[in-house]
Amino acid sequence: YKSPYAYLANEGAYALEDDFDVRLVWRPYTLNISSYLGDVESRDDHQWRRVRYSYMDCRRTANERGLIVYGPKKIFDSSIAHIGMLFAQGAGVFRAYNDTVFERFWRRELEIEDPQVISSVLAEVGADPKGFSDFLAGEGREEHDRLRAEAEEMGVFGVPMFVIEGELFWGGDRLPILRRRLAALGS
């Protein structure tokens, strides 16, 4: 949820399900930003140029689509929101949860590190949030950590990442390639 690239790829990912006989399996991947772009306090000039360009590029794309992408004020741990995603999937409200969390986070209207806030979003989109606290502390955390390790073993290093027959495709700009691949597969 803290990746603007994943946010901007949502619409195209949903369209894959609409246009092809496929069902996407949405899995959380909590990226350790510090290992990728350095800690805020210790980033070098090159890392800051990458960060600034990335957000400029995302805002440009978002503006073309009428979306808002404000750069975050800190490096967030998105694992609570990701565990909320797993809970939402189990409750059958994934898409509403996914859209709500992405849109509000990128407008700086949602604290993704606050379990109470995530529980409120779950309730708002139609899930019964009663068991979320226990899920977050137990089964959901275990599933989140297992999925992250599984993704890394597969070669995942960032989001959005699409996998077709074991082949990795990173980034929303790969969606045209995915569409051609799915068409060729007849799926």
Side-chain angles (χ1 to χ4, degrees), residues 1-33 35-37 50-72 75-89 92-110 112-113 118 121-122 125 143-144 147-148 150-185 187:
Y1 290 110
K2 64 189 174 194
S3 167
Y5 292 107
Y7 175 40
L8 296 172
N10 261 355
E11 185 179 304
Y14 291 150
L16 293 175
E17 289 186 319
D18 295 340
D19 297 344
F20 296 91
D21 185 23
V22 296
R23 184 180 72 78
L24 298 180
V25 178
W26 295 76
R27 294 185 175 172
Y29 181 70
T30 303
L31 181 64
N32 178 341
I33 297 289
S35 69
Y36 182 67
L37 288 169
R50 287 173 43 195
V51 168
R52 282 191 298 273
Y53 178 84
S54 294
Y55 283 107
M56 179 197 64
D57 191 44
C58 287
R59 279 190 300 277
R60 181 175 30 224
T61 302
N63 289 340
E64 287 180 353
R65 294 175 38 202
L67 301 173
I68 293 174
V69 171
Y70 294 132
I75 295 176
F76 287 89
D77 173 2
S78 53
S79 65
I80 293 170
H82 287 154
I83 295 167
M85 178 210 306
L86 296 171
F87 193 88
Q89 288 172 337
V93 294
F94 163 73
R95 195 160 175 173
Y97 174 85
N98 195 50
D99 291 345
T100 300
V101 171
F102 265 130
E103 181 179 330
R104 289 184 187 163
F105 176 75
W106 288 105
R107 289 178 177 262
R108 292 188 189 146
E109 297 171 353
L110 185 74
I112 62 172
E113 295 178 324
I118 297 302
V121 171
L122 287 164
V125 299
E143 179 75 356
H144 168 273
L147 289 171
R148 182 176 179 195
E150 183 180 290
E152 289 175 352
E153 287 174 21
M154 188 184 307
V156 172
F157 56 87
V159 295
M161 184 74 72
F162 300 89
V163 183
I164 297 178
E165 296 183 330
E167 188 174 358
L168 302 174
F169 298 84
W170 179 47
D173 58 338
R174 300 306 186 271
L175 285 164
I177 297 169
L178 290 167
R179 296 182 74 76
R180 290 191 297 273
R181 181 68 52 91
L182 289 171
L185 290 170
S187 302

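The residues of the chain are indexed from 1 along the displayed sequence.
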Between E113 and D77 (side chain of the first, backbone of the second, donor and acceptor by atom type, cut-off under 3.5 Å), is there such a pair? yes
Atom pair NE2 (H144) and CD1 (I80), whose distance is rounded to the nearest 0.5 Å: 10.0 Å
Quiz: residues 155-168 side-chain donor-acceptor pairs under 3.5 angstrom, not counting sequence neighbours:
| residue | atom | partner | partner atom | Å |
| --- | --- | --- | --- | --- |
| E167 | OE1 | R181 | NH1 | 2.4 |

Return the set of residues passing salt bridge (Lys or Arg N to Asp or Glu O under 4.0 Å) with R104 (not counting sequence neighbours), or none when no residue passes. E124
Output the distance between atom OG (S3) and atom CH2 (W106), rounded to the nearest 0.5 Å. 7.0 Å
Do R148 side-chain atoms and T30 backbone N/O form a donor-acceptor pair below 3.5 Å? yes
Roughly how far, to the nearest 0.5 Å, is the CZ atom of F102 from the CG atom of L67? 11.5 Å
Take Y7 and F105, measure what ring-ring contact (aromatic ring centres under 6.0 Å, His included) needs, and give me the verdict at the end. CA-CA 10 Å; Y7 175 40; F105 176 75; 9.2 Å; no
Using the salt bridge (Lys or Arg N to Asp or Glu O under 4.0 Å) criterion, which residues pair with D173? Sequence neighbours excluded. none
Give the minimum heavy-atom separation between S78 and K2, together with the two atoms involved. OG-CE, 3.6 Å
How would you list, by chain and number, every residue that makes a side-chain contact (heavy atoms from CB on, under 4.5 Å) with R108, sequence neighbours excluded? Y70, K73
Steps toward side chain to side chain contact (heavy atoms under 4.5 Å, CB included) verdict (Y5, S54): CA-CA 9 Å; Y5 292 107; S54 294; 3.6 Å; yes
Residue among I118, L122, V93 satisfying side chain to side chain contact (heavy atoms under 4.5 Å, CB included) with F87: L122
To check you understand the geometry: which heavy-atom pair defines the closest contact between A62 and V69, and what is its length? CB-CG2, 3.6 Å
Donor-acceptor under 3.5 Å (Y97 side chain, A81 main chain): yes
So L175 and L178, side chain to side chain contact (heavy atoms under 4.5 Å, CB included) or not? Walk me through it. CA-CA 5 Å; L175 285 164; L178 290 167; 3.8 Å; yes
According to the salt bridge (charged side-chain N to carboxylate O under 4.0 Å, His left out) rule, which pairs have a member within residues 60-69, sequence neighbours left out? E11-R65, D57-R60
Do the side chain of H82 and the main chain of Y1 share a donor and acceptor less than 3.5 angstrom apart? yes
Kindly write out the residues that satisfy side-chain contact (heavy atoms from CB on, under 4.5 Å) with E143, not counting sequence neighbours, or none if the list is empty. L86, R146, L147
Nearest 0.5 Å please: distance from the CG atom of L8 over to the CZ atom of R59. 11.5 Å
Might you work through the side chain to side chain contact (heavy atoms under 4.5 Å, CB included) test for N10 and W26, ending with a clear yes or no? CA-CA 11 Å; N10 261 355; W26 295 76; 3.4 Å; yes
Is any side-chain heavy atom of N98 closer than 4.5 Å to a side-chain heavy atom of Y14? yes
